[in-house]
Every structure is written in structure tokens, then in C-alpha cells.
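Report on one structure; see the data block that follows.
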4 protein chains.
Amino acid sequence: MARLRSPQKRQAILDAAALEIDATGLGASTARIAKRAAVAEGTLFTYFANKETLLNELYLDIKIELYRLLNSGPSANGTLKERTRHIWTTFLDWAIEFPEKRKVSLQLNMSDLITPETRERVASYSGTVAQTLTELGQQGASRGLPISFASSVLAAMQEVATDFIARQPADRQRLSDLAFEAFWKAVD
Amino acid sequence: MARLRSPQKRQAILDAAALEIDATGLGASTARIAKRAAVAEGTLFTYFANKETLLNELYLDIKIELYRLLNSGPSANGTLKERTRHIWTTFLDWAIEFPEKRKVSLQLNMSDLITPETRERVASYSGTVAQTLTELGQQGASRGLPISFASSVLAAMQEVATDFIARQPADRQRLSDLAFEAFWKAVD
Amino acid sequence: MARLRSPQKRQAILDAAALEIDATGLGASTARIAKRAAVAEGTLFTYFANKETLLNELYLDIKIELYRLLNSGPSANGTLKERTRHIWTTFLDWAIEFPEKRKVSLQLNMSDLITPETRERVASYSGTVAQTLTELGQQGASRGLPISFASSVLAAMQEVATDFIARQPADRQRLSDLAFEAFWKAVD
Amino acid sequence: MARLRSPQKRQAILDAAALEIDATGLGASTARIAKRAAVAEGTLFTYFANKETLLNELYLDIKIELYRLLNSGPSANGTLKERTRHIWTTFLDWAIEFPEKRKVSLQLNMSDLITPETRERVASYSGTVAQTLTELGQQGASRGLPISFASSVLAAMQEVATDFIARQPADRQRLSDLAFEAFWKAVD
DNA sequence: GATGAATGAGGTTTCATTCAT
DNA sequence: TATGAATGAAACCTCATTCAT
């Protein structure tokens, strides 16, 4: 048997890519990513066929991690508001802890690089969160609006809240609470 | 920089840049931008010192145009809700009419290319809109939140609404109305 | 007006390509070709869109020059044998004088790089030579063989003769004469 | 080099190399050759010290096989024409049956990769064919020409005939006969 | 001022070869 | 011996910018 492909090395490349893209944008060079991951330039391409694939895998990796967090905890139990609140809090915790992942995810999402196939793969990891978001879209206030409208508003307001908390970390709890209540009034 | 020969040529380059960036991202080459603007590659650099400057000027140009629209109409009169509604509608009209400008503005805003100076210059064009947004941030529901929170929520929900209208243009009026009311509940 | 693209520079690149390919094969790098032509690496690509195009243009360039030589002189006059003999001699002179062009032409012809379009363009330069070769293919000895058979034999024997003359340059005239007579017996 | 484990594996690599070079030229990568041979990338280098060695061995392998065929059959008996005709037919059969080997052999022969040592080793396998070719070169028509001239013409015309037969396989026998007679007139 | 050819650094990717397993 | 991950030089090509015309 030859050397095995190392999951750690793969992850190191993904992590390096996130940091590098955070620092310099989607134009971040594969050479710099490899260097930051402490592998040779060519090694990157034994783990990812090309840069586009690397970026898609990075997006998937980030989203899977986020969904795993969102789907943990007291999932199916609780009222809709409680479950939505859990999503809200979990997302904010993640976004504050890993600002580079959040930023990279947004940039990749906005770019034309993410393939429909990757989006499908991402969706397959949504788990019980999807059910909560669907319920959210069927509430009274969303009458006449597409089902996914409420979850889009949730995502948008999470981003807003994250931005403000990042600027005023000391007020984290209060900002999170107030922003969530504002959100809830919009969709309830 | 001396006074420039042809304002039309300058604007042609900015317009071409917006279209090209919309099509291929911030990595759009100056050569392609020049070609689309029907000027020589070198000419671009007589109007803009370098690519970064071009992108900053493009951002400024887009924002100025948007602010000009937002500040037109029955500005100071009317209730806060009416004035906010005017902003909402005007933005959506603009975003639907010029999707490439909206997209480019978002991409530039998220990138690290826009300098603090540019942001200041942008702010200097905000006009009476700023007053309305300030009032919005001082309303009851925003108690305890930063003043700019409400306007950030406004911007975020405008984006969400634009996305949904872009996908269902036939429902434009209804989606706009319902989304605005949802927004208003959040901040009122 | 800006600087004009220089035909000399273009030709310098083609010449450098021929020498470089002669020395190291079709894998000759564009960097080395550019260096030998005394232009920057990037300059090569302002004259030729890519390496494949460069090689096709090189093939065309070589063939055009050869056809120009073959079509000069007392073309339409003389017997078929005299005209064929003119082709024979002219080719040998060229092949001995420019061995690298001959070799590169053979290598390119054998590779899969030359497009049908290039071959058509080459054919359009064949001029009166084509008429002579056609007549050659219609002679008695070629009965039952494709028309182009005789000209293929001519080309093949020219190559053989060139090889021997290259190894025994002192016997040039005699080898050429004897080889031509051998050829003529084959097709007459 | 010690005795090699598996002659089959060695031959599989050589066969794969021929096919791969036929498909993509001398630039064919060792990785693809190994893959086609169903061995690991590194294994290729346990059988051949490096790529250049592999190509030399491939050339030798092809030539040995061809000489083995040419030297089979009613070798020493028969007239010179009959023996030459045997070479002619045998070569054509081989070239039509293994077009990729013929093409690769030509490409390698023209490249600068084949060492003098390899050419010597090839020559050592020529067997009784060498005698026939020598006799051919001593015939009347070749007076004044190098001894090897006739055999070079033979090889050249075999190539021409092969090309035409490849394009008109239905006329194989007739084309072969006529072309051989044309050849014979040249050297007899 | 306008042009676009010229530049060479830097981008992505391939590749022959090595070497840990 | 066999494997295939690891390597980094080198390949082709793009690009922002300069500058001769």
C-alpha cells in the first residue's frame, strides 16, 4: 500500500483556502493557498481536481458544518419560535466564531462558481432545519408570500445582527435578543 | 489629474465595467472593459489611474445615481412611513431595472477594494435619505439598538424583496407591498 | 496611432520556433521560442493566439515559402519530365539549405496539430505545381493507382535523396541525378 | 537492473505507451501510460529507469517484432525480387494491422530521443533481411548510389503504399501489387 | 489625448520522478 | 515489489500597466 490521502491535509487545504479568500477575495491564488496549508503547489491538485472544484468543496464543507450545528440540540421539540430562536442563536455563535467562513460562504454564494450540483448537495444536509423554515414560511404573516420568503428574511437579519455584534461584541446578548424580536415581528 | 476630455468616454468605461463585472466578477480584465467601452486599452488608464481606482469610482458612480433617485420626489413631506416607503419603492425600481449595477455594488461592497475615502464620499451624497433613516433608527422598536440598525434591516429586506421579485416579476406589486409591511412590523 | 504590429517580429518568432522545434521537438516551450526571438514571453501571444495557432502558422509559412520556390522558374513550359525535374531540384536545394524547416515541416505534418483548415490554406498556394503533379499521376505507370500516388512517391523519394545528400554533400549533383532517374523509372 | 518480476507487466507498459503516444504524441504522460497499462505510476519506473529509457525500449520492442516477422518465412530461398516482395508484403501486413506501432515508430525515429546505442541494438536484430537489402543495393540500377539507398527507397515506398491502402482498404491487394512494381522499376 | 503593442510577473495546471508505506 | 501521494519545476497563458507612435 502506498501513502493514503490524508483527510487532515485535505482539511488543511480547505481551511487555508478560507483564510486566504477571506484575506484577498475569490482571486486568492492556489499557490498561496497551498503554501498556507503547508503543502506543495502540486499537492493541492491531488486533493482537488482544479480551483473551481476546490471552491465548490469549500462551500460544501462550510455549509455542512453549519447545518450540523443548526441540526444539533433540541431539534423537533419546542414551539416554532423556540426552534427558530435556536437557529438564530446557533448561526450567530458560528458567524462570530468563524468570521472568515461566514464571509467566504457569502462570497462564494454570490459568485457564479457554485454549481447547481453543489447546491443540491448542500440542500441534502439541511436536515430538520428545513422543516422549521418551512413552518416559518407557512405562518400567518407570510400569507401571499413565497414559502421561502421568511427563511430569506431570517438569513438576511442574521447577517445584519452578526455585523452589529461584530462591531459591538460587548452587547452581544442584548443585540441578539432585540434583533431576533424585531425579526419575529416581521414574520409572525 | 487634469480635467478630462470626454465625460461620455469616462461614463462608457464605467458602464462597461459594470456589465463586465456582472458577467465575470471582480476579476474582469481592464482589456475587456476597454473593449466593451469601445476605447483602447491604454485609454482606460487616462481616465482612471489604475484598476482599483476604476472600481472605487464605479462604486461611487453607482451609489451617487442611486442616492439621486432616492432623494428625488416628495422628500421631506409625509409621514416617516410614507418617506420610508418611497425609499423602498425607489430602490426596488432601480434594482429591477439595473440588476447588473445592484450586483456589482454588492460585490464591490463586500470586497476589500473600496477605500474608507470612497465610503466617505458616498456618504456625502446621502442627502435627505440620511434624515429619514436616522428617524427610522430612533423609533420605538429600535430602542436599545444602534441607530443604523433599522436602515441596515431596510437594506437587507430590500435585497430579499428584490430577489423574489426578480424571480416572480408578475407579482411585483404584491410582493413589494407585503414585504414592506413585514419590514415595517419589524421596525415600527 | 499606436505602435504597429511588426511583420519582422512575427517572422522572428516563426523562425525562432522552427529552430527551437528542430532542436527539441514539438514540445519546444513558448518561453524558449520567445527568448530566441528576442521578445518577451507575452509578446508571442500578441502575434499568435496560442501555441497551436503558432504551429499552424509556422507550417503554413514554411509551405508557402516552399511553394513559392517551386512555382518560380520556367513553370508551364517544358516536358512533364523537365517540369518534374524542376520540382525535384528546387525541393532538394531548399531542403539542403534549410534543414530545420524541412524537419519541422515533417514533424508538424505527422502530428495531429495541423488543422484541416490549415491544410486547405496550404493547398491554395500550390499553384502550377499542382498541375504538374496531376499530370504525373495520370501517366501510364500510374494506371490503377490513385492520382496522388505519384506525387506521394515523388515526395518520399525527395526525402530519401535529401537524407543521402545531407550525409554526402560532395556527391550532391550525382546523387540527385541518379535518384531522380530511379524515381522516374518508378512512375514513367 | 535486476531480472524483472513480470515480463507481462513490462509488455503491458510498452503496449500502453504505444497506444497512448499514438493518441497524444510523444508528450504522452507516464501517468496515463501507467494507467492504461493498469499499473501504478511508480511501477512504471521499476521497469524503466525513466521516460527516455521507456521510449527507447519501446522503439526497440517495435523494431524487434517487425524484424522477427520480416525474417520469418522462406528467407534465404528465392530470387531477390521474391525475397524483397516478401519483405514488402510482410511490412504492409504489419503496418495495416498495427497502425499505432507504425506511427509511433516513425515518430520516435524522427525525434532526437532514440540513442545511437538503441539504433545499434535494433540493427543487431535485422537478421537475414539485411542480406536481402544489401543485395538490393548492389543491383544494377543502384550503381553509383550508396548501398543503403535502395533499402531507403523500399522503406519510403512501403510507407506511401501503407498510407494509400489505409485510405482504400478494399483495394489492398491491387494497390500493394502496383506499388511494388513501381518500386521495383526504380531499383531494378 | 488616444492607441494598442510590449512587457514580465504571476496564475492555474501538468508532469516526471521520488519515496513513505 | 508495488503503490500512489508528494513534490516543485516548468508549461501555457493572462493581465495590469507602460510607452512609442
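Source: prediction; values computed, not measured. A note on names: the letters A, B, ... follow the listed sequences, proteins ahead of strands, and every chain is numbered from 1.
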Does atom CZ (D:Arg121) have a neighbourhood of more than 12 heavy atoms from anything else shown, all under 6.0 Å? no
OG (C:Ser29) and NZ (C:Lys51) are apart, to the nearest 0.5 Å, by 7.0 Å
Does F:dA5 have its OP1 or OP2 closer than 4.0 Å to a side-chain nitrogen or oxygen of A:Thr46? no
Without decimals, in angstroms, what is the distance between D:Gln8 CD and F:dT1 P? 16 Å
Of C:Thr30, C:Ile13, C:Ile33, C:Leu55, the residue whose pairing with C:Phe48 passes side-chain contact (heavy atoms from CB on, under 4.5 Å): C:Ile13
Testing the basics here: between B:Ala34 and B:Ala40, what is the closest heavy-atom pair and its distance to 0.1 Å? CB-O, 3.7 Å
Rounding to a whole Å, what distance do you find between A:Arg3:CZ and E:dA20:P? 7 Å
Of all the heavy-atom pairs spanning D:Leu58 and D:Ala17, show the shortest one and how long it is. CD2-CB, 4.0 Å
Shortest non-hydrogen contact from A:Leu113 toward A:Leu26: CD1-CD1, 4.2 Å
Using only atom types and a distance under 3.5 Å, with no angle test, would you say the side chain of C:Asn109 pairs donor to acceptor with the backbone of C:Ser105? no
Closest to side chain of A:Ala40, choosing from F:dG8, E:dA6, F:dA6: F:dG8
Would you mind telling me which of E:dA6, F:dA6, E:dT3 lies closest to the side-chain atoms of B:Val39? E:dT3
Heavy-atom nearest nucleotide on DNA chain F taken for A:Thr43 and for D:Ala38; more 5' hit belongs to D:Ala38
For DNA chain E, what residues of residues 11-19 of chain A have any heavy atom nearer than 4.0 Å? none
With salt bridge (Lys or Arg N to Asp or Glu O under 4.0 Å) as the rule and sequence neighbours excluded, what pairs involving residues 58-67 of chain C come up? C:Glu65-C:Lys101
Can you run through DNA chain F from 5' to 3' and write each base as (, ), [, ], | or . depending on how it pairs? Watson-Crick or G-U wobble, both distances under 3.5 Å. .||||||||||||||||||||
Polar side-chain atom of C:Arg5 near backbone of C:Thr46 as donor-acceptor pair, under 3.5 Å: yes
What is the per-nucleotide protein-contact pattern of nucleotides 11-17 of chain E, from the 5' end, where B denotes a base atom under 4.0 Å from a protein heavy atom, S denotes such proximity for sugar-phosphate atoms only, and - denotes neither? SSBBSBB
What's the CG-P distance between C:Leu54 and F:dC12, to the nearest Å? 10 Å
With sequence neighbours excluded, give me every salt bridge (Lys or Arg N to Asp or Glu O under 4.0 Å) pair touching residues 21-47 of chain A. A:Glu20-A:Arg32, A:Glu20-A:Arg36, A:Asp22-A:Lys103
Nearest-Å distance for atom pair CD/P, residues B:Glu20 and F:dC15: 10 Å
Between C:Arg5 (CZ) and E:dA6 (P), how many Å, whole number? 8 Å
note: D:Leu44, atom CG; F:dA2, atom C1'; distance rounded to Å ~ 12 Å
C:Tyr47 OH to F:dC13 C1', straight-line distance once rounded to whole Å: 18 Å
Contact class for B:Lys9 (heavy atom, under 4.0 Å): base, sugar-phosphate, or nothing? sugar-phosphate
Nearest-Å distance, CZ (C:Arg10) to C1' (E:dA6)? 17 Å
Over 12 non-hydrogen atoms of neighbours within 6.0 angstrom of OH in C:Tyr125: no
If you look only at pairs with a residue in residues 7-16 of chain A, which of them pass as a salt bridge (Lys or Arg N to Asp or Glu O under 4.0 Å), with sequence neighbours excluded? A:Arg10-A:Glu57
